[in-house]
Visitor: 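I am attaching a structure below and will ask some questions about it afterwards.
Every value quoted in this text rests on a predicted model; they were computed, and no experiment measured them.
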Amino acid sequence: MTVFAAFSNDEILADLKSNVTTGSVITDPATLKKQSFSPNLTDDDSGLALAFIEAHNTADVQGVLKTARKYHVPVVTQNRFTSTVIGADGIAGSFILSTAGMNQIKEISKADSLAVVEPGVINGDLDQAARKQGMFYAPDPGSKPISGIGGNVATNAGGMSTVKYGATKDNVLGLKVVLADGRELRLGGRTLKQAFGYDLTQLFVGSEGTLGIITEITVKLMPIPLGTPVMGMAFFENMTALAEAVAEIRISGVYPTMLEAMDHPTIQAIDQYDGTNYSKESGAMLIFKIDNGTKQAMDVLNALLTKHGARDITVTEKPEEQAQLEKVRRDMLPAIFTGQNHIMEDMAMPLSQLAPMMDYIKQVGQDLGLKIYTAGHAGDGNVHPSIVWPLEEKGVPAKVSQALSLMFKKTLALGGTISGEHAVGMLKNQWNNAELGEDVDLLQHQIKALLDPMNLLNPKRKIN
């Protein structure tokens with residue numbers, strides 16, 4: 001049987017353009033291809049969007065949704081398009097709605113310790129603007145220089161300072177969100193405590209564009225700490241010893257801002273990428289930071305590092321040397337990924353189970369003959385094993401998929417989560433039942449059906 005389209009693409013696009021009065025509706029093939037497919041993740045014309053819309057304000061967002069409801073067109077919200085889990089790629093015939101152009105910092109209030117921003121504001125730009133007033137924005141994902149606050153909120157992004165200041169969810173006070181039916185909700189507010197009504201603000205944090213479209217965010221700002229920040233590095237025999245040291249440091253009262261780990265293959269890749277010579281030192285590297293490096297704190301830290309076999313411990317108060325240490329950590333991904341196919345995973349463990357997980361990841365790589373680079377935010381138990389394979393090998397090799405499945409099952413068995421900060425997207429949504437259980441899996445679908453009954457918002461993502 002032949003099925004005829006009720007409306008042509010030209011009719012749908014004409015209606016869309018009539019409803020988007022300020023923003024831009026772009027349909028040229030080059031732009032659609034660029035915005036529909038994440039590099040190294042997907043490149044399949046079956047996912048080519050019908051239109052890419054650059055929204056400039058809330059009215060543009062509502063206009064896109066008006067046309068989407070009328071013609072039953074899926075809407076995929078993009079911000080700075082840095083997703084690692086196919087969370088914002090195009091869907092065949094969809095509208096890709098970009099909020100990157102909604103990029104104004106509306107307010108920074110030192111008196112109220114908050115900022116009000118549009119979703120397209122880049123994380124690092126907000127932080128720098130806040131620092132000019134003696135404040136700072138704490139969440140710092142590895143994509144800090146390029147990712148938008150809206151995307152950070154939609155995925156509940158973590159980062160290097162999560163060990164002390166929490167993930168994005170811990171720093172969001174309020175939101176404005178446009179629902180699929182066009183209503184704009186104001187959720188939360190400007191107060192540091194909120195106990196009235198259900199906490200709908202946090203429902204949308206981490207919802208990955210499946211429940212509504214974020215148009216404004218009120219975030220918490222922190223005062224720049226007094227004293228002198230201290231950064232340093234220490235080397236261990238292996239990642240297991242490092243993980244054991246980190247677990248003890250976390251309960252010592254030192255309260256580090258950063259505890260970042262890298263295994264030997266990762267250090268070797270950084271050496272090759274940056275021209276450094278760290279890999280000669282040992283099998284694992286810990287980069288640490290303390291906001292106020294008092295003598296007592298440093299004495300405790302040094303004693304715990306030494307207890308667990310750390311050597312070549314170096315510490316610096318110099319800003320330029322600290323910047324170099326941060327660069328070492330931020331260069332991890334390009335150092336590993338350049339010239340290779342890759343998948344980076346994102347499990348988070350109870351701190352007591354971090355060391356056993358490090359052992360298990362190493363064993364999986366050895367058993368399957370895979371090159372696995374392991375790094376991550378050790379201070380909050382968030383581990384990022386990255387598997388690589390040659391560029392000429394198309395598709396994901398079977399043994400890579402097998403390794404991921406083994407690591408996910410082990411993570412859940414140890415009481416962890418298979419998505420600490422990178423979201424679920426399309427790569428992990430079949431694991432919802434395994435991690436959450438059938439009852440919670442069903443409840444998530446019921447919430448989705450309540451807020452998006454036509455299933456227009458980022459379908460097939462987050463909860464499948």
Visitor: For a quick check under 3.5 Å, do Tyr137 and Asn152 share a side-chain donor-acceptor pair by atom type?
Guide: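 Side-chain D/A pair, Tyr137 to Asn152: absent.
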Visitor: Decide if atom NZ of Lys460 counts as having more than 12 heavy atoms of other residues, nucleotides or ligands within a radius under 6.0 Å.
Guide: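 Not buried by this count: 12 neighbours or fewer within 6.0 Å.
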Visitor: Is there any salt bridge (Lys or Arg N to Asp or Glu O under 4.0 Å) pair reaching into residues 195-212, and which pairs are they, with sequence neighbours excluded?
Guide: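 Non-adjacent pairs meeting salt bridge (Lys or Arg N to Asp or Glu O under 4.0 Å): Glu208-Lys462.
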Visitor: Donor-acceptor pair, distance only, cut-off 3.5 Å: does the side chain of Asp452 make one with the backbone of Leu457?
Guide: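 Yes; at least one donor-acceptor contact below 3.5 Å.
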Visitor: Hey, does the side chain of Thr168 reach the backbone of Ala157 with a donor-acceptor pair shorter than 3.5 angstrom?
Guide: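 A pair under 3.5 Å: yes.
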Visitor: Taking atom CG of Leu48 and atom CG of Asp89, what is their separation to the nearest 0.5 Å?
Guide: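 That separation rounds to 11.5 Å.
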Visitor: Taking only residues two or more places apart in sequence, or in another chain, which ones meet Lys17 in a salt bridge (charged side-chain N to carboxylate O under 4.0 Å, His left out)?
Guide: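 Counting only residues at least two positions away or on another chain, Lys17 forms no salt bridge (charged side-chain N to carboxylate O under 4.0 Å, His left out).
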Visitor: Taking Gln202 for its side chain and Lys169 for its backbone only, find out whether a donor-acceptor pair lies under 3.5 Å.
Guide: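 Side chain of Gln202 to backbone of Lys169: a pair is present.
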Visitor: Run the ring-ring contact (aromatic ring centres under 6.0 Å, His included) test against Tyr273 and tell me which residues pass, sequence neighbours left out.
Guide: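 Tyr273 satisfies ring-ring contact (aromatic ring centres under 6.0 Å, His included) with no other residue.
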Visitor: Sort and list the pairs that fulfil salt bridge (Lys or Arg N to Asp or Glu O under 4.0 Å) and have at least one residue in residues 258-275, not counting sequence neighbours.
Guide: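 Qualifying pairs: Glu260-Arg329, Asp274-Lys327.
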Visitor: With heavy-atom distances below 4.5 Å as the criterion, would you say the side chains of Leu175 and Val153 are in contact?
Guide: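 Counting from C-beta outward, Leu175 and Val153 do come under 4.5 Å.
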Visitor: Identify, with sequence neighbours excluded, every residue that meets salt bridge (charged side-chain N to carboxylate O under 4.0 Å, His left out) alongside Glu118.
Guide: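 Per chain and number, Glu118 pairs via salt bridge (charged side-chain N to carboxylate O under 4.0 Å, His left out) with no residue.
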Visitor: For Arg186, does the CZ atom have more than 12 heavy-atom neighbours from other residues, nucleotides or ligands under 6.0 Å away?
Guide: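 Atom CZ in Arg186 is not crowded, with 12 or fewer foreign heavy atoms closer than 6.0 Å.
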Visitor: Just jot down the ring-ring contact (aromatic ring centres under 6.0 Å, His included) partners of Phe337, sequence neighbours excluded, or say none.
Guide: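 ring-ring contact (aromatic ring centres under 6.0 Å, His included) check on Phe337 returns His342.
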Visitor: With rounding to the nearest 0.5 Å, note down the distance linking OG1 in Thr99 to CD1 in Ile214.
Guide: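 Spacing of OG1 (Thr99) from CD1 (Ile214) equals 8.5 Å.
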Visitor: Less than 3.5 Å apart, any donor N or O on the side chain of Ser147 or Asn123 sitting next to an acceptor on the other?
Guide: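 There is no such pair between these side chains.
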Visitor: My understanding is that only residues two or more places apart in sequence, or in another chain, count here; which of them pass side chain to side chain donor-acceptor pair (under 3.5 Å) with Thr155?
Guide: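 Result, side chain to side chain donor-acceptor pair (under 3.5 Å) vs Thr155: none returned.
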Visitor: Rounded at 0.5 Å granularity, tell me how far CZ in Phe52 sits from OG in Ser94.
Guide: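 Reported to 0.5 Å precision, the distance equals 11.5 Å.
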Visitor: Out of curiosity, Ile336 CD1 to Ile270 CD1, how far, rounded to the nearest 0.5 Å?
Guide: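 Reported value, rounded in 0.5 Å steps: 7.0 Å.
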Visitor: Counting heavy atoms not belonging to Asp439, are there more than 12 under 6.0 Å from its CG?
Guide: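 Atom CG in Asp439 is not crowded, with 12 or fewer foreign heavy atoms closer than 6.0 Å.
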Visitor: Would Gln35 and Gln78 count as having a side-chain donor-acceptor pair, cut-off 3.5 Å?
Guide: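 The answer is yes; a qualifying pair exists.
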Visitor: When rounded to the nearest 0.5 angstrom, what is the spacing between OG in Ser386 and CD in Gln340?
Guide: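 Between Ser386 OG and Gln340 CD, I get 10.0 Å after rounding to 0.5 Å.
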Visitor: When you compare the side chains of Asn432 and Asn464, does any donor N or O come within less than 3.5 Å of an acceptor on the partner?
Guide: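 Short answer, no.
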Visitor: I'd like to know whether CD of Glu320 has more than 12 heavy-atom contacts from other residues, nucleotides or ligands below 6.0 angstrom.
Guide: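 Atom CD in Glu320 is packed in, count exceeds 12.
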Visitor: List the residues meeting salt bridge (charged side-chain N to carboxylate O under 4.0 Å, His left out) with Asp181, not counting sequence neighbours, and say none if there are none.
Guide: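 So Asp181 forms a salt bridge (charged side-chain N to carboxylate O under 4.0 Å, His left out) with Arg183.
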Visitor: Using the ring-ring contact (aromatic ring centres under 6.0 Å, His included) criterion, which residues pair with His384? Sequence neighbours excluded.
Guide: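 So His384 forms a ring-ring contact (aromatic ring centres under 6.0 Å, His included) with His377, His422.
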Visitor: Between atom CD1 of Ile287 and atom CE of Met231, what is the distance when rounded to the nearest 0.5 Å?
Guide: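 These two atoms lie 6.0 Å from each other.
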Visitor: Donor-acceptor pair, distance only, cut-off 3.5 Å: does the side chain of Asn382 make one with the backbone of Ala378?
Guide: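 No, Asn382 side chain to Ala378 backbone: no donor-acceptor pair under 3.5 Å.
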Visitor: Determine whether Ser8 and Glu11 make a side-chain contact, defined as any pair of heavy atoms from C-beta on separated by less than 4.5 Å.
Guide: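 Ser8 reaches Glu11 side chain to side chain.
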Visitor: In chain order, what residues pass the salt bridge (charged side-chain N to carboxylate O under 4.0 Å, His left out) check against Lys220, with sequence neighbours excluded?
Guide: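 Scan of Lys220 (salt bridge (charged side-chain N to carboxylate O under 4.0 Å, His left out), adjacent residues dropped) gives none.
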Visitor: Determine which pairs satisfy side-chain hydrogen bond (donor to acceptor under 3.5 Å, both in side chains) with at least one residue from residues 388-417, sequence neighbours left out, and list them in order.
Guide: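 Output for this query lists Thr417-Glu435.
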Visitor: Keeping Asn458 on the side-chain end and Gly209 on the backbone end, is there a donor-acceptor pair under 3.5 Å?
Guide: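 Judged by distance alone, no pair lies under 3.5 Å.
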Visitor: My understanding is that only one of Asp140, Asp291, Thr257 makes a side-chain hydrogen bond (donor to acceptor under 3.5 Å, both in side chains) with Tyr165; could you say which?
Guide: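 Option passing the side-chain hydrogen bond (donor to acceptor under 3.5 Å, both in side chains) with Tyr165: Asp291.
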Visitor: Count the heavy atoms belonging to other residues, nucleotides or ligands that lie under 6.0 Å from CD of Glu438, then report whether that count exceeds 12.
Guide: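 12 or below, so no.
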Visitor: Exactly one of Gln322, Arg330, Gln324 should register a side-chain contact (heavy atoms from CB on, under 4.5 Å) with Glu326. Which one does?
Guide: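 So, applying the side-chain contact (heavy atoms from CB on, under 4.5 Å) to Glu326 and each of Gln322, Arg330, Gln324, only Arg330 qualifies.
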Visitor: For Lys66, look at atom NZ and say whether over 12 heavy atoms of other residues, nucleotides or ligands are found less than 6.0 Å away.
Guide: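 12 or below, so no.
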Visitor: Measure the shortest side-chain to side-chain distance between Val246 and Leu286 over non-hydrogen atoms and say whether it is less than 4.5 angstrom.
Guide: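 A side-chain contact under 4.5 Å exists here.
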Visitor: For residues 69-81, pull every pair meeting salt bridge (Lys or Arg N to Asp or Glu O under 4.0 Å), keeping only residues two or more places apart or in separate chains.
Guide: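 Qualifying pairs, neighbours excluded: Asp15-Lys70.
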Visitor: Let's go through Asp367 and Gln363 carefully: what are the C-alpha distance in whole Å and the side-chain angles of both, what is the deciding distance for side chain to side chain contact (heavy atoms under 4.5 Å, CB included) to 0.1 Å, and is it a yes or a no?
Guide: CA-CA 6 Å; Asp367 291 346; Gln363 190 63 50; 2.8 Å; yes
